[in-house]
Engineer: 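The structure under discussion is supplied below as structure tokens; questions concerning it will follow.
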Amino acid sequence: TYHGAVKVLIGADEHVVSASMGTPTHPDYDKLLLSAARSWTYRPATRNGQPIEVEKVVECYLRS
């Protein structure tokens, strides 16, 4: 089992602006994970009712 974390910067438009490995899992899996993370969408965080950019850490587990 591999454990890692992806840091994603979520834009005010709900799309991932950037993604990087906070904690690597496995070199082959990291590339796939980052590619997938860049296509994720989120409900944007808000401040005073307005959408804002925010960073989130997503933990991932890989079982072989």
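A quick note: this is a predicted structure, and the numbers were derived from the prediction, not measured. Just the heavy atoms: all of them, side chains too, but no hydrogens, waters or symmetry mates, feed the values below.
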Engineer: Looking at A19 and A37, what are the two nearest heavy atoms and their distance?
Structural biologist: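 Minimum heavy-atom contact is CB-CB, 4.1 Å.
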Engineer: Return the OG1 to CD distance between T23 and E59, rounded to the nearest 0.5 Å.
Structural biologist: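 It comes to 7.5 Å.
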Engineer: Give, for atom CZ of R63 and atom NE2 of H3, the distance between the pair rounded to the nearest 0.5 Å.
Structural biologist: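 Rounded to the nearest 0.5 Å, the CZ-NE2 separation comes to 11.5 Å.
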Engineer: Is any side-chain heavy atom of E55 closer than 4.5 Å to one of K7?
Structural biologist: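 Yes - at least one pair of side-chain heavy atoms lies under 4.5 Å apart.
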Engineer: Is it true that a side-chain atom of N48 and a backbone atom of Q50 form a donor plus acceptor pair closer than 3.5 Å?
Structural biologist: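 No.
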Engineer: A side-chain contact here means heavy atoms from C-beta on lying under 4.5 Å apart; do Y42 and V54 qualify?
Structural biologist: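 Y42 vs V54: side chains apart.
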Engineer: Mind running side chain to side chain contact (heavy atoms under 4.5 Å, CB included) on E53 and I10 for me, showing each step along the way?
Structural biologist: CA-CA 6 Å; E53 192 172 83; I10 305 162; over 6 Å; no
Engineer: Mind checking whether W40 and V58 have side chains closer than 4.5 Å, heavy atoms only?
Structural biologist: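 A side-chain contact exists here, since the closest heavy-atom pair is under 4.5 Å.
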Engineer: Rounded at 0.5 Å granularity, tell me how far OH in Y2 sits from CG in L62.
Structural biologist: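 Output value for this atom pair is 7.0 Å.
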Engineer: Check whether D30 reaches the backbone of P24 with its side chain - one donor and one acceptor, N or O, closer than 3.5 Å.
Structural biologist: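 Not confirmed, D30 side chain does not pair with P24 backbone.
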Engineer: Flag yes if I52 and V8 sit in one hydrophobic cluster, no otherwise; membership is Ile, Leu, Val, Met, Phe, Trp, Tyr, and two members link when side-chain heavy atoms are under 4.5 Å apart.
Structural biologist: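 In one cluster: no.
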Engineer: Say whether L34 and V17 are linked into one hydrophobic cluster, either directly or through other cluster members, by side-chain heavy-atom distances under 4.5 angstrom.
Structural biologist: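 No, because L34 and V17 fall into different hydrophobic clusters, even though each may have its own neighbours under 4.5 Å.
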Engineer: Does the pair L33 and M21 meet the rule for a side chain to side chain contact (heavy atoms under 4.5 Å, CB included), with working shown?
Structural biologist: CA-CA 9 Å; L33 184 56; M21 292 305 299; 4.0 Å; yes
Engineer: Check whether any side-chain heavy atom of E14 sits under 4.5 Å from a side-chain heavy atom of R43, and report yes or no.
Structural biologist: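 A side-chain contact under 4.5 Å is absent here.
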